[in-house]
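Reading through the structure tokens given below for one structure.
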Amino acid sequence: MVLPVGCKVFGLFLSMAETDLDIDYVARLARLALSDEEKQTYARQLNQIIGHMDKLNAVDTEGVEPTAHAFPLVNVLDADEPREPLPIADVLRNAPESRDNQIVVPKVVEDA
Amino acid sequence: MLGQSLLASGLKWQKLERVYMPFMEYEAVIGLEVHVQLKTRSKMFTRAPYSFGHEPNTLTDPVVLGMPGVLPVMNHEAVHKAAALGVLLGCEIAPRCKWDRKNYFYPDSPKNYQISQFDQPLCLGGSVEIEMEGPSRNVMGAHRHVQLTRIHLEEDVGKLTHFTNDSLVDYNRAGAPLCEIVTEPDMHSADEVFAFMTAIRNAIVSAGLSDCDMEKGQMRCDANISVRPVGETKLGTKVELKNMNTISGVRNAVAYEIKRQVFAKKNNTEVIVQETRRWDPVQQVTQSMRMKEESHDYRYFPDPDLMPVEISTEVLQKIRAELPELPFDRQRRYMESYDLPYTLTSVLCPDYELSVFFEAALAATKGKGEPKAVANYICNELLRDLTAAEGEGRAPLAESVITPAHIGELVALIHDNVISKQIAKDVWAEMSHSGLMPATIVEEKGLKQEQGDSGELEALVAATVADPKFAKAIGQYKDGNDKALNSLMGPIMKATQGKANPAQIVEMLKKAVDGA
């Protein structure tokens with residue numbers, strides 16, 4: 001699979017040019033509040049990763065099936081037999097706050 | 001139309017639109033994304049149980065909650081049912097497909113991604129046959145096929161309830177197997193959308209793949225709507241509609257949105273922007289949800305925890321063989337093989353349970369009796385009783401005292417002239433209370449029709465014909481109106497307590513009148 005330069009993958013721009021990486025956008029998607037210093041650090045590190053992608057892209061993969069796995073395994077399926085669910089006390093144990101057996105989250109509206 | 005003739009002259013519609021805007025004819029283009037929860041006992045990628053109507057957060061496990069270190073394992077039944085859905089709707093089933101992570105941050109998804117299918121869906125293409133409303137209730141409407149783009153198999157997300165200061169999350173629904181059915185932008189009116197939703201629900205419920213109850217969230221629908229001048233081939237700016245919780249709600253929301261967009265274009269009151277709008281069923285309007293575009297940047301990538309799925313031709317053949325016919329195919333069969341009128345088939349066929357009931361009742365007549373008589377008892381008497389038994393809606397067929405065997409036997413008794421249709425009404429009333437079989441009721445209550453021309457009956461007929469009250473009717477009969485004699489039937493049937501054979505009385509009446 002050869003991706004053209006500038007092609008958007010995982011929200012990043014694949015490019016040799018470091019300036020194409022919009023670190024603010026990536027941070028916003030990941031819900032991360034970064035200091036200017038952190039932005040510089042992560043932008044540099046991410047660019048190295050993207051640079052590595054470019055190296056991979058340079059390999060001729062013509063005729064090779066893309067795969068996410070190293071094993072030639074398919075149809076790992078389980079019978080539809082329900083098991084005991086987690087007790088409600090355990091479910092809520094990690095929630096910072098709960099009410100009426102539900103997990104309380106800050107008011108979220110779709111326009112967030 | 002004006003728009004078309006002006007377009008034919010070679011001008012661009014954008015230019016025309018500015019000048020002729022108020023006179024342009026617009027058409028709507030609608031595509032749907034329908035989500036259907038598959039009927040399984042456990043979830044899509046873990047064996048936490050799933051069904052509707054449980055206390056919040058009682059159907060979860062560490063996988064559902066996205067705890068560190070957990071691994072998803074796919075539900076065989078969900079994959080099987082999703083493939084069956086594809087086969088049912090005529091899709092091409094991919095010989096190999098994979099699952100991807102759709103990344104986004106929202107509390108409905110505790111692991112910050114939803115497992116879905118991005119570029120290799122399980123089913124491609126396919127179509128759904130729809131029927132538009134006919135000119136009247138007893139006339140079949142126009143049929144056509146709405147084209148599908150794809151169907152993919154994913155997991156459902158949790159349910160949020162919003163309050164003034166916070167929101168509550170229930171993860172019971174999270175991880176339930178969900179099929180997303182995507183249509184081509186192939187519909188052009190709210191009525192077509194309504195017909196599509198009705199047809200796809202009937203088909204899926206019939207096949208036992210989902211219960212498709214929109215109010216329980218088992219079927220949900222988002223609509224993409226745009227409008228364009230008639231004759232234009234490019235699509236206009238699309239608006240996505242959400243939050244429609246009934247099939248009628250979908251129709252109302254789509255109708256409103258089309259009207260809003262056409263009005264805005266014709267009167268230049270607002271620019272239609274690409275956005276997501278929410279249907280408000282109370283105010284009956286759509287409202288902008290002001291979602292940021294970047295929230296749609298899902299950064300899909302293959303889920304490394306799941307292996308691809310391959311469905312063999314043999315498995316597909318088995319699935320195909322196990323599927324029942326589609327409701328409209330069943331309806332055509334009933335009309336052709338059983339000679340049933342459209343009105344009866346349009347009651348029986350969309351409801352799989354009812355059509356199964358009908359076929360069982362027909363089999364129970366053992367060939368004695370018309371399919372139409374069986375269908376009439378089900379569509380009229382049975383449904384009337386079931387509706388009366390329930391305050392709102394209809395009592396479930398499974399709770400009915402009257403079984404297919406009852407109806408089959410009753411129809412056979414009428415066919416064999418053991419009882420008249422009139423007596424059958426009493427038998428019906430009796431069996432719907434006691435649950436006794438019709439033959440038993442007839443035997444115990446001595447309801448058997450009098451056979452042969454007993455002197456008593458002959459005298460009764462002669463007396464009726466001689467009654468001056470009926471002179472006029474007899475005159476009409478002699479003038480060629482065969483039906484006029486029906487008015488003489490009532491008193492005779494009454495005198496025999498309904499036990500006389502109506503056909504026999506008609507014959508005797510005719511003989512008596514013609515001979516007089």
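Just so we're clear, the structure is a prediction, and the values are computed from it rather than from any experiment. Quick note on labels: first sequence line is chain A, next is B, and so on, each numbered from 1.
Enclosure of atom CD in A:Glu38 by more than 12 non-hydrogen atoms of other residues, nucleotides or ligands within 6.0 angstrom is indicated. Around the CD atom of A:Gln45, the shell of radius 6.0 Å holds more than 12 heavy atoms that belong to other residues, nucleotides or ligands. Counting non-hydrogen atoms of neighbouring residues, nucleotides and ligands closer than 6.0 angstrom, the NZ atom of B:Lys238 reaches no more than 12 such neighbours. Atom CZ of A:Phe71 sits in a sparse spot, with 12 or fewer heavy atoms from other residues, nucleotides or ligands closer than 6.0 Å.
At least one side-chain heavy atom of B:Leu160 sits less than 4.5 Å from a side-chain heavy atom of A:Val105. You'll find the side chain of B:Thr58 stays beyond 4.5 Å of the side chain of A:Pro85, heavy atoms only. Under the 4.5 Å side-chain criterion, counting only non-hydrogen atoms from C-beta, A:Asp80 is not in contact with B:His80.
Contacts between B:Arg278 and chain A at a heavy-atom distance below 4.5 Å are absent for every atom of the residue. Neither the backbone nor the side chain of B:Ile311 has a heavy atom closer than 4.5 Å to any heavy atom of chain A. B:Thr46 does not touch chain A: none of its heavy atoms, backbone or side chain, sits under 4.5 Å away. Contacts between B:Asp303 and chain A at a heavy-atom distance below 4.5 Å involve the backbone alone (N, CA, C, O). For a residue to count as touching a neighbouring chain, one of its non-hydrogen atoms must lie under 4.5 Å from one of that chain's; by this rule B:Pro107 touches chain A with the side chain only. Contacts of A:Asn94 with chain B are made by side-chain atoms alone, with heavy-atom separations under 4.5 Å and no backbone atom involved. Heavy-atom distances place both the backbone and the side chain of B:Leu168 under 4.5 Å from chain A. Using a 4.5 Å cut-off between heavy atoms, B:Asn165 touches chain A through its backbone atoms (N, CA, C, O) alone. If you measure heavy-atom distances from B:Val79 to chain A, the contacts under 4.5 Å come from the side chain alone. Using a 4.5 Å cut-off between heavy atoms, B:Tyr171 touches chain A through its side chain atoms alone.
By number of non-hydrogen pairs under 4.5 angstrom with chain A, the leading residue of B:Thr164, B:Val73, B:Thr60 is B:Thr60. Of the residues considered (A:Glu84, A:Arg28, A:Glu97, A:Gln102), A:Gln102 shows the highest number of contacts with chain B, using heavy-atom pairs under 4.5 Å. For chain A, the option among B:Ala48, B:Gly158, B:Pro308 with the highest count of heavy-atom pairs below 4.5 Å is B:Pro308.
Minimum interatomic distance between A:Arg99 and B:Asp166 (heavy atoms only, all atoms of both residues): NH1-OD2, 2.9 Å. In terms of heavy-atom proximity, A:Val76 sits nearest to B:Met307 at CG2-CG, 3.6 Å. Contact record, B:Pro56 with A:Asp100: CG-O, 4.2 Å, taken as the closest heavy-atom pair. Nearest heavy-atom pair, B:Leu306 versus A:His69, reported as atom, atom and distance to 0.1 Å: O-NE2, 2.6 Å.
A:Asn75 pairs in a side chain to side chain contact (heavy atoms under 4.5 Å, CB included) with only one of the listed residues (B:Met74, B:His76, B:Glu310), which is B:Glu310.
Atom CE of residue B:Met67 and atom CG of residue A:Asp90 lie 9.0 Å apart, to the nearest 0.5 angstrom. To the nearest 0.5 Å, atom CD of residue A:Glu81 and atom CZ of residue B:Arg47 are 9.5 Å apart. Going from atom CG of A:Asn101 over to atom CD of B:Glu55 covers 7.0 Å, rounded to the nearest 0.5 Å. Between B:Leu59 atom CG and A:Ile88 atom CD1 the span is 9.5 Å, to the nearest 0.5 Å. Atom CD1 of A:Ile103 sits about 5.0 Å away from atom CG of B:Asn57, to the nearest 0.5 Å. Here the CZ-OH distance, from A:Arg31 to B:Tyr106, works out to 10.5 Å after rounding to the nearest 0.5 Å.
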### Task
Decide yes or no on side chain to side chain contact (heavy atoms under 4.5 Å, CB included) for B:Val309 and A:Leu77, but give the supporting numbers first.
CA-CA 9 Å; B:Val309 161; A:Leu77 302 164; 4.3 Å; yes
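A salt bridge is absent between B:Asp61 and A:Arg83; no separation between the charged side-chain nitrogens and carboxylate oxygens falls under 4.0 Å.
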